[in-house]
There are 4 protein chains.
Amino acid sequence: MNTGLQSAPKLGRPRDEAARVAILKAANAILEKEGIAGFTIEAVAARAGVSKTTIYRWWPSRGALAVAGFLAEMEPKIAYPNTGSSLMDLVAQLKRVAAVYGSAAGRVLAAIIAEGQRDPHTLVAFMDGYARPRREEAKAILRAGIERGELSRDIDIDVALDALYGPIYYRMLVPLGPLDSTWVETLARSVLAGLAATK
Amino acid sequence: MNTGLQSAPKLGRPRDEAARVAILKAANAILEKEGIAGFTIEAVAARAGVSKTTIYRWWPSRGALAVAGFLAEMEPKIAYPNTGSSLMDLVAQLKRVAAVYGSAAGRVLAAIIAEGQRDPHTLVAFMDGYARPRREEAKAILRAGIERGELSRDIDIDVALDALYGPIYYRMLVPLGPLDSTWVETLARSVLAGLAATK
Amino acid sequence: MNTGLQSAPKLGRPRDEAARVAILKAANAILEKEGIAGFTIEAVAARAGVSKTTIYRWWPSRGALAVAGFLAEMEPKIAYPNTGSSLMDLVAQLKRVAAVYGSAAGRVLAAIIAEGQRDPHTLVAFMDGYARPRREEAKAILRAGIERGELSRDIDIDVALDALYGPIYYRMLVPLGPLDSTWVETLARSVLAGLAATK
Amino acid sequence: MNTGLQSAPKLGRPRDEAARVAILKAANAILEKEGIAGFTIEAVAARAGVSKTTIYRWWPSRGALAVAGFLAEMEPKIAYPNTGSSLMDLVAQLKRVAAVYGSAAGRVLAAIIAEGQRDPHTLVAFMDGYARPRREEAKAILRAGIERGELSRDIDIDVALDALYGPIYYRMLVPLGPLDSTWVETLARSVLAGLAATK
DNA sequence: ATGTAAACGAGACGGTACGTCCAGTCTTGAA
DNA sequence: TTCAAGACTGGACGTACCGTCTCGTTTACAT
């Protein structure tokens, strides 16, 4: 996936930026509307008004394209807020994430994780491009909270984040119940209470 | 999935039990070894030494077959223990579940959830046949714990179970870290502390 | 190319005869109308109302299909006559061949020879299925003529047939002039005179 | 094919002669080695170390390029000899042609004729640039032979040339037998006998 | 014992999408 | 103005499986 700017060889016809954008938009639209079932390279090409070749030139697989489309759409949507309080920031962002994942974007994300089970490259792309960076951001917040004394030094940061975000992904993929704000709040309160209680 | 015994028409050649078993075994084996990518009806038929027709006669779709195979293999493996203490039972079972999901069975389960994102019928089959029954068992334990006074009356049982099992599914599908017993213990302790702390 | 009747295993769904015929007819029609340029497997499939798979199941390549179509159409058209006189038979057949090759069938034949230059299998199929059998028939006639004393024992049968048929193929492929009956007659007279004059 | 010198615009960068030669050489080499199957513009460009653009700028189609390459290589090889005797000249040249067509050049020629069946422009280019000029030379020889009384005034020159050259092309395209000198001699003797016998 | 009815193996069939190749066109910067 | 590089649209390739179908064969029970 050559979305970024690398050595920029400058030779030959430059990449068509409009096509790139159209492809990512089409990928997202299809994933949102029809889910992974209708997400074929041919469908994306048709919707974007682009030839299959152009897609294959820039993205090695269906999954890579899905991830790229998701990132393009998501990146602006889930920045962490900054309220001065780690816990407030965390809860606020958790609610925002739950809201986003409960909407169309959640279907895209679910599709990507599903595709990731089929194609390891997709999983890697998703983890490198999205999952791990988000986790790092979240870790930073928790660490800040520890510095400020809002959280105990004894908590296991990874476990804490798994406990907070895991349930959201779980409900997104296995709809045992709704992903609404009441639920998130109850969850956050409960889990944070556990963290606070740690030793 | 007509695995059960219904009106038993009794006419004609009876169903070949050996074939049924061979198919489920083959389905599991393929799902474990190659994941969802290699899980095609043709592959299952070939491995089971059975014709495609026979598979389609009894299972309506790939997903239904996967779920059936998973249930056949799983059912015996994750019964709840009974130690007299709800919390002990819960933790023990949680650890067992994590261990099982971290092994080959986890790959099968991941494949089923992935297929469920593509085909709603598969999701329904999985939820009806597996997810919800397990959840009911777990709820019963928690309720018993409340009765016995081990747990507060104020906890939200569903949230509690999401907080306990969600992270396991999360790590199974998005490998941000290992699914080992240390992690499960830390997680369980932390979440249960939160539940206990609930006023 | 399993056009003929072989061991007839009898197992499974029997081949759809109507499809086979439709495919051969479509192949011929396209070859006649558009030449080798428009002769794609997809076009044949579409015209025959058949899936590509069905074509590939029975014919290994474009060329094999073209040859099969040609044989199906041609076989009845160029049997040798039998006038009692070898030379008369020969000339009569030569004229018929020229007439046929000058028509739509000629375009099919030209296409096959062209495809044969690209794909050796096609050439082999054409030679085994058509060129050599025809040549053998012609040789038999010449041999009969020698037996009856109509032709000299000294002629080289292969050279004689090359001299008679070569020019027809030449004109068919390289249109330096028409392939009409006047020309064939002149040619036949001239060449046969040469044969008669041999020693 | 703008190989010749036209109005000489003189403006801008001049045509790269080395590229022109490299392209023709590459075209020939590929045609000889891999036949028409491997003869793609991209392959020629790669082998010649030239961009596709440059090829398309000067030759309108694959066939045109093939013909140009063939002419560049062939022109010097098949000039008519001059022994003073038309018949001797004719036979000598016939043998030379057969020898050449039986070698690598024959594969190129066969490829061109094949391509000509697919693309009329190629056929025209081949006929205008090669087939007809050669035929005119041959006709001149026959006419000279008639003038000198070596040949009858009654022979049909076109038929005579078809009878002599047709079989060579035939054997080149449909390998029913070798294209060796023994065969050519027998053929020439036989056909010329027929011409001589023509009243 | 004989018929009837469903299960089964085999494999042909119409389709969809795959990922690739090449055609022929275009857009850029350098020569 | 030519050229190298390489992006672009587009058509066909040959393959893999899908889910359906049509056979002939097998197995049981009901007559």
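In this text the structure is predicted, and so the values were computed from the model without any measurement. Letters A, B, ... are given to chains in the order of the sequence lines, protein chains preceding strands, and every chain is numbered from 1.
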Round to the nearest Å and state the distance from E42(C) atom CD to dA17(E) atom P. 14 Å
Residue mapping more 5' on DNA chain F - nearest nucleotide basis, V50(A) or F39(B): V50(A)
Separation of dC13(E) atom P from R15(C) atom CZ, nearest Å, is 7 Å
For dG10(F) and S51(A) - does any side-chain N or O of the residue sit under 4.0 Å from the phosphate oxygens OP1/OP2? no
As a test of reading the structure: which of dC26(E), dG11(E), dA6(E) is closest to the side chain of R13(B), going by heavy atoms? dA6(E)
Using atom CG of D16(A) as one end and atom P of dT25(E) as the other, report the distance to the nearest whole Å. 19 Å
d(CD1, I55(B); P, dT20(F)) in whole Å: 13 Å
Among the nucleotides dC18(F), dA23(E), dC8(E), whichever has the atom closest to the side chain of R62(D) is dA23(E)
Applying side-chain contact (heavy atoms from CB on, under 4.5 Å), can you list everything that pairs with A46(B), at least two apart in sequence or on another chain? none
Can you tell me how far P of dC29(F) sits from CG of L11(B), to the nearest Å? 10 Å
Report which part of the nucleic acid T54(A) touches: base, sugar-phosphate, or nothing (heavy-atom distance under 4.0 Å, all strands). base
Closest approach of A48(D) and A22(D), non-hydrogen atoms and distance? CB-O, 3.7 Å
Report yes if a side-chain nitrogen or oxygen of W58(C) is closer than 4.0 Å to either non-bridging phosphate oxygen (OP1 or OP2) of dC13(E); otherwise report no. yes
I want to check something: taking the side chain as every heavy atom from C-beta on, are W59(C) and I23(C) in contact at a cut-off of under 4.5 Å? yes
Nearest to the side chain of P14(A), heavy atoms from C-beta on, is which of dC18(E), dC18(F), dT27(E)? dT27(E)
Quick check on dC21(E): is either OP1 or OP2 less than 4.0 Å from any side-chain nitrogen or oxygen of T53(A)? no
Rounded to the Å, how far apart are K52(C) NZ and dC17(F) P? 16 Å
Looking at T122(A) and I112(A), what are the two nearest heavy atoms and their distance? CG2-O, 4.0 Å
Would you kindly compare A43(A) and G12(C) by the position of their nearest DNA chain E nucleotide and give the one closer to the 5′ end? G12(C)
Tell me: OH of Y56(C) to P of dA12(F), nearest whole Å? 12 Å
Residue pair I41(C) / R62(C): nearest heavy atoms and the distance that separates them: CD1-CA, 4.1 Å
Please report the distance, rounded to the nearest Å, between CZ in R57(C) and P in dC17(F). 15 Å
What is the nucleic acid contact for G38(D), judged by heavy atoms within less than 4.0 Å: base, sugar-phosphate only, or nothing? nothing
